[in-house]
Amino acid sequence: MGAPDHAIPGLRLSGEFSYSERPLFSDLMLELLPGSWTCLLGSSGIGKSTLLRLIAGLETGGSFSGSISASDNLPVDGRVAYMAQSDLLLPWLTVRQNVSLGASLRREPLDHVKIDHLIHRVGLEEYISNKPGELSGGMRQRCALARTLMEDTPLVLLDEPFSALDPVTRRQMQALASSTLQNRTVLLVTHDLAEALRLGRRIYAMSQGKLEEFDLPACRSVRELDDPAMMDIQSRIFSVLNA
C-alpha cells in the first residue's frame, strides 16, 4: 500500500548547470506534480539524466546553482528511489537478493510476500535463484525494475527503465509500474514519445537547455494512443523536439 495522497509531495528544481564552465542549461524550472507521473523527453546528451542525478543527490561531474525542494518543505534526501539506465545489479547476488537489496542494506525486515510477488509480476520467478550473469539484458532490466518498485518512497526517478524490453513486455512493465506507483511522484526519462503519452500526467520536452511543458488529462491507468487529443499533443511535442 502506498502512502495517502496528502503525504506525497511534489518537487521543484530550478537553476542552472554547467560542465567546466560550459552551460548545459540555465534558468530552467522543472516541476513534478504530487502523486503523478512526469515524463522528460529530449535528445541524448541534452541533460535529462543529469536532472535525475541532481534530484537523487548523486555526483554529476558538473556545477549546479539553484534549488531542489519538495512541496511539503521536508528534505528530498532519503525519500527518493532511483533506477539508472544501467541495471546496476550486484553480480554475486541472486535475483531475489538483488530485488531485496535496499531493505537488506538498511537492515529492515524483508517483506518476502512482496518480494516474491514482484518477481512473479516481472516474469522472473523461474530465475529467482539465478545471478545477473545468467540473465539476458531484458531480464536484468526487469530485475532492476522490481528492485526499484520494492522501495517505499514518495519520489521515484526512472531513467529509461523499459529500453531493453521487447514491445509486448515493455507494455506489460509499463502497466505494472503505473499500477504499483499510483499516488507516487514519478519522473520518467524516456526517448519514447508514445511511452510518455501513455504514462505521463505532464510531459516536458527538453531542447537546447530549455523545457516546454505539456499537461495531459488525468487518467486512472495507462492511456490508449488513438485518442485524438493524444495525437494533437504528439504533434506539438515533435515540433519542439525537432527544433
Side-chain angles (χ1 to χ4, degrees), residues 2 8-13 28-56 58 68 70 76 79-88 118 121-122 138 141-151 153-165 167 169-207 211-225 230 233-234 237-238 240-241:
I8 301 298
L11 185 137
R12 175 176 292 184
L13 179 151
L28 182 139
M29 200 280 287
L30 173 74
E31 185 172 17
L32 310 184
L33 299 173
S36 68
W37 286 62
T38 300
C39 298
L40 181 58
L41 294 160
S43 59
S44 297
I46 204 165
K48 303 184 303 300
S49 296
T50 297
L51 287 173
L52 263 67
R53 293 183 66 85
L54 285 171
I55 295 170
L58 300 174
I68 301 170
V76 174
R79 297 195 292 165
V80 177
Y82 172 63
M83 180 176 172
Q85 288 185 33
S86 55
D87 56 70
L88 302 179
L118 280 173
R121 290 295 304 276
V122 299
Q141 191 168 54
R142 281 182 277 154
C143 183
L145 176 63
R147 179 180 61 192
T148 304
L149 297 180
M150 272 295 299
E151 295 300 296
T153 59
L155 302 167
V156 182
L157 309 176
L158 304 173
D159 199 348
E160 299 188 51
F162 314 112
S163 59
L165 306 179
T169 306
R170 187 177 188 127
R171 287 177 67 90
Q172 293 170 343
M173 295 303 102
Q174 288 171 352
L176 171 62
S178 176
S179 62
T180 305
L181 297 176
Q182 279 190 357
N183 300 325
R184 306 301 174 94
T185 300
V186 181
L187 178 58
L188 167 68
V189 164
T190 178
H191 285 287
D192 187 341
L193 177 53
E195 183 168 87
L197 290 170
R198 290 193 82 216
L199 296 169
R201 176 67 176 81
R202 170 175 288 173
I203 295 175
Y204 284 101
M206 192 171 189
S207 176
L211 292 175
E212 185 153 344
E213 175 187 322
F214 301 85
D215 283 337
L216 281 69
C219 66
R220 292 189 176 182
S221 62
V222 294
R223 296 183 185 84
E224 296 304 324
L225 299 182
M230 295 300 99
I233 292 173
Q234 179 173 272
I237 293 174
F238 268 130
V240 174
L241 296 176

Partners passing salt bridge (Lys or Arg N to Asp or Glu O under 4.0 Å) against Asp87 (at least two apart in sequence or in another chain) |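 If we apply the salt bridge (Lys or Arg N to Asp or Glu O under 4.0 Å) test to Asp87, skipping adjacent residues, the hits are Arg140.
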Of all residues at least two apart in sequence or in a different chain, which pass the salt bridge (Lys or Arg N to Asp or Glu O under 4.0 Å) check with Glu212?
->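 Salt bridge (Lys or Arg N to Asp or Glu O under 4.0 Å) check on Glu212 returns nothing, list empty.
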[X] versus [Y], closest heavy-atom pair with distance:
| X | Y | answer |
| --- | --- | --- |
| Ser49 | Asp159 | OG-OD2, 2.7 Å |
| Leu157 | Leu52 | CD1-O, 3.4 Å |
| Gly200 | Cys39 | CA-SG, 3.7 Å |
| Ile8 | Gly35 | CG2-N, 3.5 Å |

Pairing residues for [X] by the side-chain contact (heavy atoms from CB on, under 4.5 Å) criterion, not counting sequence neighbours:
| X | answer |
| --- | --- |
| Ala70 | Pro9, Asp72, Val76, Arg79 |
| Ala146 | Val99, Leu118, Val122 |
| Gln174 | Phe162, Arg170, Arg171, Glu195, Arg198, Leu199 |
| Glu160 | Gln85, Ser163, Val189, His191 |

How many angstroms lie between [atom1] in [X] and [atom2] in [Y], if you round to the nearest 0.5 Å?
| X | Y | atom1 | atom2 | result |
| --- | --- | --- | --- | --- |
| Ile203 | Ile237 | CD1 | CD1 | 4.0 Å |
| Leu165 | Gln141 | CG | CD | 4.5 Å |
| Ile55 | Thr185 | CD1 | OG1 | 11.0 Å |
| Arg202 | Leu33 | CZ | CG | 4.0 Å |
| Leu11 | Leu187 | CG | CG | 8.5 Å |
| Arg184 | Ser178 | CZ | OG | 12.5 Å |

Flag the pair Tyr82 / Glu151 as yes when at least one side-chain heavy-atom distance between them is below 4.5 Å, and no otherwise.
->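 No, every pair of side-chain atoms sits at 4.5 Å or beyond.
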Are Leu145 and Met83 close enough that some pair of their side-chain heavy atoms sits under 4.5 Å apart?
->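 Side-chain contact under 4.5 Å: yes.
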Please step through side-chain contact (heavy atoms from CB on, under 4.5 Å) for the pair Asp215 and Glu213, ending with a clear verdict.
-> CA-CA 7 Å; Asp215 283 337; Glu213 175 187 322; 3.4 Å; yes
Where do Leu32 and Leu13 land on the side-chain contact (heavy atoms from CB on, under 4.5 Å) test, with the steps shown first?
-> CA-CA 9 Å; Leu32 310 184; Leu13 179 151; over 6 Å; no
With sequence neighbours left out, write down each residue that passes side chain to side chain donor-acceptor pair (under 3.5 Å) with Thr50, or none if nothing qualifies.
->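 Here the qualifying residues are Tyr19.
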Full working for side-chain contact (heavy atoms from CB on, under 4.5 Å) between Met206 and Leu28 | CA-CA 10 Å; Met206 192 171 189; Leu28 182 139; 3.9 Å; yes
Evaluate side-chain contact (heavy atoms from CB on, under 4.5 Å) for Thr180 paired with Arg121, printing each intermediate quantity in order.
-> CA-CA 11 Å; Thr180 305; Arg121 290 295 304 276; 5.5 Å; no
Among pairs that include at least one residue of residues 29-38, which meet side chain to side chain donor-acceptor pair (under 3.5 Å), considering only residues two or more places apart or in two chains?
->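 Listed once each, the pairs are Arg12-Glu31.
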What residue among Leu176, Leu188, Leu149 forms side-chain contact (heavy atoms from CB on, under 4.5 Å) with Leu181?
->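 Only one option passes, and that is Leu149.
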Show which side-chain atoms of residues 40-48 pair as donor or acceptor with protein atoms under 3.5 Å away, not counting sequence neighbours.
| unit_1 | atom_1 | unit_2 | atom_2 | d |
| --- | --- | --- | --- | --- |
| Lys48 | NZ | Gly42 | O | 3.0 |
| Lys48 | NZ | Ser43 | O | 3.0 |

